[in-house]
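Read the structure below first, then the notes.
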Amino acid sequence: MAILASIHHLTHYTYDRPVSLGPHIIRLRPAPHSRTRIVSHSLKVSPDNHFVNHQQDPYGNWMSRFVFPDPVREFKIEVDLVADMTVYNPFDFFVEERAQKWPFEYSDDYADDLGIYLSTEPLTPKFEAFLRDVPRGTTGTVDFLVDLNRRVSDAVDYIVRLEPGVQTPEETLTIGSGSCRDSSWLLVQLMRRLGVAARFVSGYLIQLKPDLVALDGPAGTDHDFTDLHAWAEAYIPGAGWIGLDPTSGLLTGESHIPLAATPHYKTAAPIAGGFTGDPDTKTDFHFDMQVARVAEHPRITKPFSDESWADLDALGNK
């Protein structure tokens, strides 16, 4: 049986004097295409005096538009959700015969609709050089995407970057490092240049400590944690949108919970909005994310404890 994991996500702004909040778009509800089952979800926004419209954007993602009629001294967003962390095989999908080998062509039925996911930015020197290094021979589509994801992961050292915005592919390759959103945008642009429809994804990442230490390969995290994350998705005929995480170089799995998947990173931001007021206004920002296991059942890698067996024996004897 599955592990149920809960996320508590707090974003809190306080101001030293009243300010007028502009309309805010909040994209913190798991997207409809999430393969990880969401058991429950709640969104609480303060102050209470606000108007809200729950909507879907043009790409099918959930979003909420909040309007605050009165000046405020604080702005707080709280998300609580419970996710079913049942493990699934990320390669469990079917690829149409026409797309089993790369390069391939999208059918006329979808080509126009996917056009926005094939839009590219101008070529720049380092990006073009990186693109030239990608082998052009006919190969399996899944193998091709796995290799491309690995290439980006190897070329970009992951860093925690607190500055706002997303680096251009040229900046990321020049520096040789970037955040998850930087490497993901680079991967999106690479896939589009190579004829694969791709989109940018923002979401939650839940990493749970494994029951057993791996005998080979990466050991995994030594504690449970969660954070906001970004990755890319490629559209493969037959399979649909398949997630690729260039931070790890792996396909996405049950740990990845998408919040918004869009053609451009600008429309995937979890929170978008601003305020007007005294230019000398001082803002304090507090951010917190916590994960907890709310249900955990015995399994092969973590069976009943000795105490549980003793209780079962006692019950059986009774």
Side-chain angles (χ1 to χ4, degrees), residues 7 9-16 19 21-28 61 63 74-79 119-127 130 149 151-192 198-207 225-233 244-249 252 256-290:
I7 292 177
H9 175 197
L10 170 67
T11 305
H12 190 194
Y13 297 89
T14 57
Y15 312 97
D16 67 346
V19 300
L21 292 178
H24 275 68
I25 300 296
I26 297 177
R27 304 179 183 92
L28 290 173
N61 305 292
M63 56 181 273
E74 73 167 353
F75 177 40
K76 183 190 294 185
I77 304 168
E78 294 177 275
V79 174
S119 175
T120 56
E121 295 186 339
L123 282 175
T124 51
K126 285 192 176 295
F127 179 76
F130 192 86
N149 191 37
R151 286 174 179 271
V152 174
S153 180
D154 291 344
V156 182
D157 292 331
Y158 172 72
I159 60 171
V160 176
R161 194 171 65 80
L162 300 180
E163 298 85 0
V166 176
Q167 294 173 176
T168 65
E170 186 75 5
E171 290 173 323
T172 300
L173 291 171
T174 299
I175 300 170
S177 64
S179 65
C180 54
R181 60 190 186 274
D182 301 319
S183 56
S184 296
W185 186 238
L186 169 61
L187 179 58
V188 166
Q189 289 298 310
L190 282 169
M191 288 193 288
R192 291 178 181 180
R199 62 187 184 182
F200 182 90
V201 185
S202 66
Y204 289 121
L205 178 67
I206 299 176
Q207 291 283 282
F225 77 90
T226 185
D227 206 348
L228 287 169
H229 194 49
W231 58 94
E233 289 180 349
L244 301 156
D245 186 345
T247 301
S248 64
T252 59
H256 295 74
I257 301 175
L259 296 172
T262 62
H264 201 281
Y265 62 80
K266 292 179 180 177
T267 50
I271 302 171
F275 72 87
T276 57
D278 190 322
D280 294 326
T281 299
K282 294 182 180 180
T283 304
D284 287 327
F285 173 66
H286 179 63
F287 175 84
D288 185 39
M289 292 195 71
Q290 299 177 13

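As the structure is a computational prediction, the values presented were derived from the model and not from experiment.
Checked against the 6.0 Å centroid threshold, Tyr13 and Phe275 do not count as a close aromatic pair.
Using a 30° and 60° split on the angle between ring planes, His229 and His256 fall in the tilted class, from 30° to 60°.
Residue Pro169 comes nearest to Phe127 through the heavy atom pair CB-CD1, 3.6 Å, listed as atom of the first residue, atom of the second, then distance. Contact record, Gln167 with Glu171: CA-OE1, 3.3 Å, taken as the closest heavy-atom pair. Residue Phe130 comes nearest to Ala155 through the heavy atom pair CE1-CB, 3.6 Å, listed as atom of the first residue, atom of the second, then distance. Smallest separation of non-hydrogen atoms from Arg199 and Val188: O-CG2, 3.6 Å. For the residue pair Met191 and Ala198, the shortest heavy atom distance occurs at CE-CB, 3.5 Å. In terms of heavy-atom proximity, Val152 sits nearest to Pro246 at CG1-CB, 3.8 Å.
A distance of 10.5 Å separates NE2 of His12 from CZ of Phe285, quoted to the nearest 0.5 Å. Of the inter-residue distances, the one linking Ile26 atom CD1 with Thr11 atom OG1 reads 8.5 Å to the nearest 0.5 angstrom.
Contact check for Tyr15 versus Leu21: side-chain heavy atoms found under the 4.5 Å cut-off. Side chains of Asp245 and Thr252 form a contact here, defined as non-hydrogen atoms less than 4.5 Å apart. At a threshold of 4.5 Å between non-hydrogen side-chain atoms, the residues Val79 and Ile7 do not count as touching. A 4.5 Å side-chain heavy-atom check between Arg151 and Leu190 finds every atom pair outside the cut-off. The closest side-chain heavy-atom distance from Tyr204 to Leu28 is below 4.5 Å. A 4.5 Å side-chain heavy-atom check between Thr247 and Ser183 finds at least one atom pair inside the cut-off. Taking 4.5 Å as the limit, some side-chain heavy atom of Arg181 sits within range of a side-chain heavy atom of Phe200. Taking the side chain as every heavy atom from C-beta outward, Leu244 and Leu187 approach each other to under 4.5 Å.
Contacts of Asp278 classified as salt bridge (Lys or Arg N to Asp or Glu O under 4.0 Å), with partners at least two apart in sequence or in another chain: Arg17. Applying the ring pair (Phe, Tyr, Trp, His ring centres under 6.0 Å) rule to His264 yields the partners Trp185; only residues at least two apart in sequence or on another chain are considered.
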Thr14/Asp284 under side chain to side chain contact (heavy atoms under 4.5 Å, CB included): CA gap, chis, key distance, verdict: CA-CA 5 Å; Thr14 57; Asp284 287 327; 3.2 Å; yes

Set out, in order, the CA-CA distance, both residues' side-chain angles and the distance that settles side chain to side chain contact (heavy atoms under 4.5 Å, CB included) for Asn61 and Arg27, then state yes or no. CA-CA 8 Å; Asn61 305 292; Arg27 304 179 183 92; 5.8 Å; no

Show the numbers, then the answer: is there a side chain to side chain contact (heavy atoms under 4.5 Å, CB included) between His9 and Thr226? CA-CA 9 Å; His9 175 197; Thr226 185; over 6 Å; no

Hey, mind stepping through Glu170 and Lys126 against salt bridge (Lys or Arg N to Asp or Glu O under 4.0 Å) and telling me if it holds? CA-CA 6 Å; Glu170 186 75 5; Lys126 285 192 176 295; over 6 Å; no

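Between the side chain of Asp288 and the backbone N or O of Leu10 there is no donor-acceptor pair closer than 3.5 Å. In terms of modelled atom types and a separation under 3.5 Å, the side chain of Asp182 and the main chain of Thr172 share no donor-acceptor contact. One N or O on the side chain of Arg192 and one on the backbone of Ser119 form a donor-acceptor pair closer than 3.5 Å. Panel note: side chain Ser177, backbone Val156; no donor-acceptor pair is recorded below 3.5 Å. Of the possible polar contacts, none joining the Ser179 side chain to the Arg161 backbone as a donor-acceptor pair under 3.5 Å is found. Under a 3.5 Å cut-off, the side chain of Ser184 and the backbone N or O of Ala230 do form a donor-acceptor pair. Remark: the backbone N or O of Gln189 is not paired with any side-chain donor or acceptor of Glu121 at under 3.5 angstrom.
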